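Written below as structure tokens is the structure these notes are about.
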Amino acid sequence: MSPAAIRVLRLHPWRVSPHRAAAIQEALAGHLRLRDGPRRLRLVAGADAAYDQAAPLVHAAVVVLAYPDLTLVEQRAASLPVTFPYIPGLLAFREGPALLRAFEALTVSPDLLFFNGHGIAHPRGLGLASHLGILLRTPAIGCALQPLLGSFQEPPPQAGAFTWVRSGRHVLGAALRSRTAVRPIFVSPGYRLSVRRAVRLTLTLCRGFRLPEPLRWAHQAANRQRALHAAAR
DNA sequence: GCGACAG
DNA sequence: ATCTTGTCGC
């Protein structure tokens with residue numbers, strides 16, 4: 001990441017206006033590094049957030065699984081006040097702070113990150129997975145349940161089938177049938193990965209459910225964090 | 001100008 | 001995402 005981009009984040013970490021947030025995304029968008037990918041896959045992380053709208057708080061959780069056995073290696077969570085509204089395209093500014101706080105508590109370094117959102121298949125080419133992948137300097141993949149940008153055709157019904165998600169003449173991601181006869185998930189690379197590799201890796205981590213294991217674990221962990229936090233007050 | 005719009 | 005009961009289907 002360039003000094004200029006870092007300065008932007010230092011000056012306006014996460015407490016920014018939606019307008020400023022868009023400017024920050026544009027500054028960071030030039031720092032994506034695709035086509036690399038993890039040299040060796042040993043630790044895979046999944047991160048997700050849950051909300052307590054009564055507080056209101058955003059509860060984030062990150063789980064690290066060993067590959068390929070997928071056993072739990074480490075799990076961390078963090079809760080922060082909600083300081084940014086939900087605006088399609090600016091999700092990172094709402095969930096990012098809490099997610100990063102959870103990542104900061106990790107004692108191990110994951111080789112690959114999975115986020116519950118999009119990567120480069122985003123209006124400014126910088127979805128949640130790209131944004132956090134850059135900040136954490138780690139290969140990242142975005143997996144969303146709904147499309148945000150681009151057009152695609154319905155993939156065949158068999159698990160493993162997929163069709164490309166295109167915007168303009170570029171392929172930004174894929175509509176992946178992670179499970180037979182179930183609605184596809186939308187996969188796009190976030191950081192340091194090609195579209196093809198992102199789809200391949202996501203399929204590798206799917207174990208019979210719609211979402212890859214890291215995200216299923218993270219989703220449950222985030223909800224547990226919310227429950228624990230609510231019970232302690 | 002009008003609709004669409006991750007979680 | 002979250003608020004919510006029962007309910008259809010593998």
Side-chain angles (χ1 to χ4, degrees), chain A residues 14 18-19 21-22 24-25 28-29 32 46-62 77-102 113-134 140-152 157-159 165-168 172-191 195 198-199 202 207-212 214-216 218-227 229-230:
Chain A
W14 295 94
H19 174 271
I24 289 175
Q25 287 189 333
L28 290 177
L32 289 174
D48 192 20
Y51 297 89
D52 181 331
Q53 69 173 27
L57 294 169
V58 52
H59 300 289
V62 53
S79 299
L80 289 179
V82 173
T83 60
F84 201 90
Y86 169 65
I87 299 175
L90 299 179
L91 182 62
F93 292 88
R94 182 172 172 79
E95 303 188 344
L99 288 171
L100 281 185
R101 184 65 67 85
L113 276 31
F114 277 90
F115 289 99
N116 192 176
H118 290 93
I120 62 174
H122 171 279
R124 296 188 188 81
L126 200 98
L128 175 69
S130 298
H131 199 146
L132 295 188
I134 289 175
I141 294 175
C143 291
L145 300 178
Q146 298 290 332
L148 173 63
L149 176 75
S151 57
F152 61 94
Q158 298 74 30
V165 169
R166 297 187 170 80
S167 182
L172 302 180
L176 173 66
R177 195 75 72 181
S178 53
R179 196 190 158 174
T180 300
V182 164
R183 283 180 301 150
I185 58 175
F186 299 85
V187 180
S188 64
Y191 184 57
V195 176
V199 172
T202 298
R207 291 287 188 285
F209 294 88
R210 193 177 174 210
L211 285 174
L215 286 180
R216 293 184 61 234
H219 185 70
Q220 293 176 25
N223 282 318
R224 281 198 298 274
Q225 170 70 1
R226 178 183 55 185
H229 209 283

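Computed from heavy atoms alone, side chains included, the values below leave out hydrogens, waters and symmetry copies. Here the structure is a predicted model, which is why all the values come from computation and not from measurement. So you know, we letter chains A, B, ... as the sequences are listed, proteins then strands, and number each from 1.
What separates CG of A:L148 from P of B:dC5 is a distance of 9 Å, to the nearest Å. In this structure, A:I185 places its CD1 atom 15 Å from C1' of B:dG7, rounding to the nearest Å. For A:L126 and B:dG7, the CG to P distance is 17 Å, given to the nearest whole Å. Atom pair A:H131:NE2 and B:dG7:P shows a separation of 18 Å (rounding to whole Å applied). Note: CZ (A:F93) to C1' (B:dG7) measures 15 Å, nearest angstrom. Between the P atom of B:dA6 and the CG atom of A:L176 lies a distance of 19 Å, rounded to the nearest Å. In this structure, A:L91 atom CG and B:dC5 atom P are separated by 16 Å, rounded to whole Å. A:Q146 has its CD atom 6 Å from the P atom of B:dG7, to the nearest Å.
Proximity of A:R226 to the phosphate of C:dA1: no side-chain N or O atom is located under 4.0 Å from OP1 or OP2. Look at A:Y86 and you'll find a side-chain N or O under 4.0 angstrom from OP1 or OP2 of B:dA6.
Of the candidates B:dC5, C:dC3, B:dG7, C:dC3 carries the atom nearest the A:Q53 side chain, counting heavy atoms from C-beta on. When the nucleotides B:dG7, C:dT2, B:dC5 are ranked by their closest atom to the side chain of A:A50, C:dT2 comes out on top.
Counting any heavy atom pair closer than 4.0 Å across all strands shown, A:G142 reaches no nucleic acid atom. Residue A:P123 is out of contact with every strand shown, counting any heavy-atom pair closer than 4.0 Å. Contacts of A:L145 with the nucleic acid, taken as non-hydrogen atoms under 4.0 Å apart, involve only primed sugar atoms and P, OP1 or OP2.
Taking the side chain as every heavy atom from C-beta outward, A:F114 and A:T202 approach each other to under 4.5 Å.
Residue A:R124 forms a side chain to side chain contact (heavy atoms under 4.5 Å, CB included) with just one option from A:I24, A:L149, A:L90, and that option is A:L90.
Other residues, nucleotides and ligands place more than 12 heavy atoms under 6.0 Å from the CZ atom of A:R207.
From A:L145, atom CG reaches atom CZ of A:F186 across 9.0 Å, with rounding to the nearest 0.5 Å.
Between A:H59 and A:H229, the ring-plane angle classifies as tilted under the 30° and 60° cut-offs.
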